[in-house]
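Read through the structure below, which is laid out as structure tokens, and then see the notes.
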Amino acid sequence: MAKDPVRVLVTGAAGQIGYALVPMIARGVMLGADQPVILHMLDIPPAAEALNGVKMELVDAAFPLLKGVVATTDVVEACTGVNIAVMVGGFPRKEGMERKDVMSKNVSIYKSQASALEKHAAANCKVLVVANPANTNALILKEFAPSIPEKNISCLTRLDHNRALGQISERLNVQVSDVKNVIIWGNHSSTQYPDVNHATVKTPAGEKAVRELVVDDAWLNGEFITTVQQRGAAIIKARKLSSALSAASAACDHIRDWVLGTPEGTWVSMGVYSDGSYNVPAGLIYSFPVYCQNGEWKIVQGLNIDEFSRKKLDLTAEELSEEKALAYSCLS
């Protein structure tokens, strides 16, 4: 029996990430090859013409799964009835800008969009925040959409997770699909901690620990971490634009695993509301290793955290606490 269409909102849909993301959603990359979708695309009035151009291209692509397109600059129209919201729109960080420079502008954007989702989205709407500073934008959204359960609000650290997988696969010259269970802890920023202590690689002789195969702790504790932390900046330097294709792909991965579940024995990284696990302060949106079943995520528990890792976890939590304080000061 044919499934009912799922309404998926993409904000900032005329931008670089939005332009890469909407065809992926329409093609079934996000929700599966048998799931029809209705796309809701929101952008700011100066981008209205470009947004209409994206809509025209979606029509021209004749995607069989795409059952409708709403392209609008009206936040209420965009949010009405949506089941999944991918919040890509935000004030962009440009080369040389500090994250804190963009905080106050994004607070006002997320305040208004949260209010519209609160009033008009479908019950049990799942929200993924992509725009930076992603963790803190998600926290602001949660603040102004109190009826959306905290378990339904997340931010994107899957891009960092995928970057970590990519670095390990290149280093070991293995398929990226054979590497699993890296972790991104903390903030989607340069303080994040890409952790391979529990990661494994599928080999002809069975699963082997990444550390055992790389045999270079100096690289894993140094260059590997900084490469993942600074990858976004490296791409801005190379492209003169921020990551778009990889961010769109990661957003699809994040939602797909959240909705359809993670494979048995595999976990992924998601920025979620901290419950105090791993001594991370409750009340932050912090990236943890999670597994997903039946449309819900759960934090992977019981992992051993060594002294090196503990310091990294605490450092990124401190930055998030500072960002939270700064964001809340912008509200007053």
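Residue numbers start at 1 and run along the sequence shown.
Scanning for salt bridge (Lys or Arg N to Asp or Glu O under 4.0 Å) contacts around Arg239 gives an empty result, with sequence neighbours left out. Under the salt bridge (Lys or Arg N to Asp or Glu O under 4.0 Å) criterion, Lys298 pairs with no residue, sequence neighbours left out.
A distance of 4.0 Å separates CD in Glu207 from OG1 in Thr200, rounded to the nearest 0.5 Å.
By the neighbour-count criterion of 12 heavy atoms within 6.0 Å, atom CD of Gln301 is densely surrounded, having more than that number from other residues, nucleotides or ligands. Within 6.0 Å of CZ in Arg171 there are more than 12 heavy atoms belonging to other residues, nucleotides or ligands. Within a 6.0 Å sphere centred on CG of Asp60, heavy atoms belonging to other residues, nucleotides or ligands number more than 12. The environment of Lys3 atom NZ is dense: over 12 non-hydrogen atoms of other residues, nucleotides or ligands sit within 6.0 angstrom. Applying the 6.0 Å contact sphere to CG of Asp74 captures more than 12 heavy atoms from other residues, nucleotides or ligands.
Judged purely by atom type and a 3.5 angstrom limit, Ser108 uses its side chain to pair as donor or acceptor with the backbone of Lys105. The backbone N or O of Ala134 sits nowhere less than 3.5 Å from a side-chain atom of Asn106 that would complete a donor-acceptor pair. Panel note: side chain Lys126, backbone Gly295; a donor-acceptor pair is recorded below 3.5 Å.
For Trp267 and Tyr291, the gap between ring centers reaches or exceeds 6.0 Å. Taking the ring centroids of Tyr278 and Trp185, they lie under the 6.0 Å cut-off.
A tilted orientation is assigned to the rings of Phe288 and Tyr286, their planes being inclined by 30° to 60°.
Each of Val29 and Val176 belongs to its own hydrophobic cluster when Ile, Leu, Val, Met, Phe, Trp and Tyr are linked at side-chain heavy-atom distances under 4.5 angstrom. Both Val182 and Val280 are members of a single hydrophobic cluster when ILVMFWY side chains are connected at heavy-atom separations under 4.5 Å.
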Can you check side-chain contact (heavy atoms from CB on, under 4.5 Å) on Cys79 and Leu9, steps first, answer last?
CA-CA 7 Å; Cys79 291; Leu9 166 65; 4.0 Å; yes
Asp257/Arg158 under salt bridge (Lys or Arg N to Asp or Glu O under 4.0 Å): CA gap, chis, key distance, verdict:
CA-CA 11 Å; Asp257 284 341; Arg158 182 60 174 269; 2.7 Å; yes
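Cation-pi geometry between Lys142 and Tyr273 is met: the NZ or CZ atom falls under 6.0 Å from the ring centre, inside 45° of the normal.
Of the charged side-chain nitrogens involved, none lies within less than 4.0 Å of a carboxylate oxygen, so that Asp195 and Lys312 do not count as a salt-bridged pair. Using a 4.0 Å cut-off between a side-chain N of Lys or Arg and a carboxylate O of Asp or Glu, Lys311 and Asp314 do not qualify as a salt bridge.
Of the N and O atoms on the side chains of Gln167 and Thr227, not one donor lies less than 3.5 Å from an acceptor on the other residue.
Of all the heavy atoms in Pro23 and Gly18, the pair that sits closest is CD-O, 4.4 Å.
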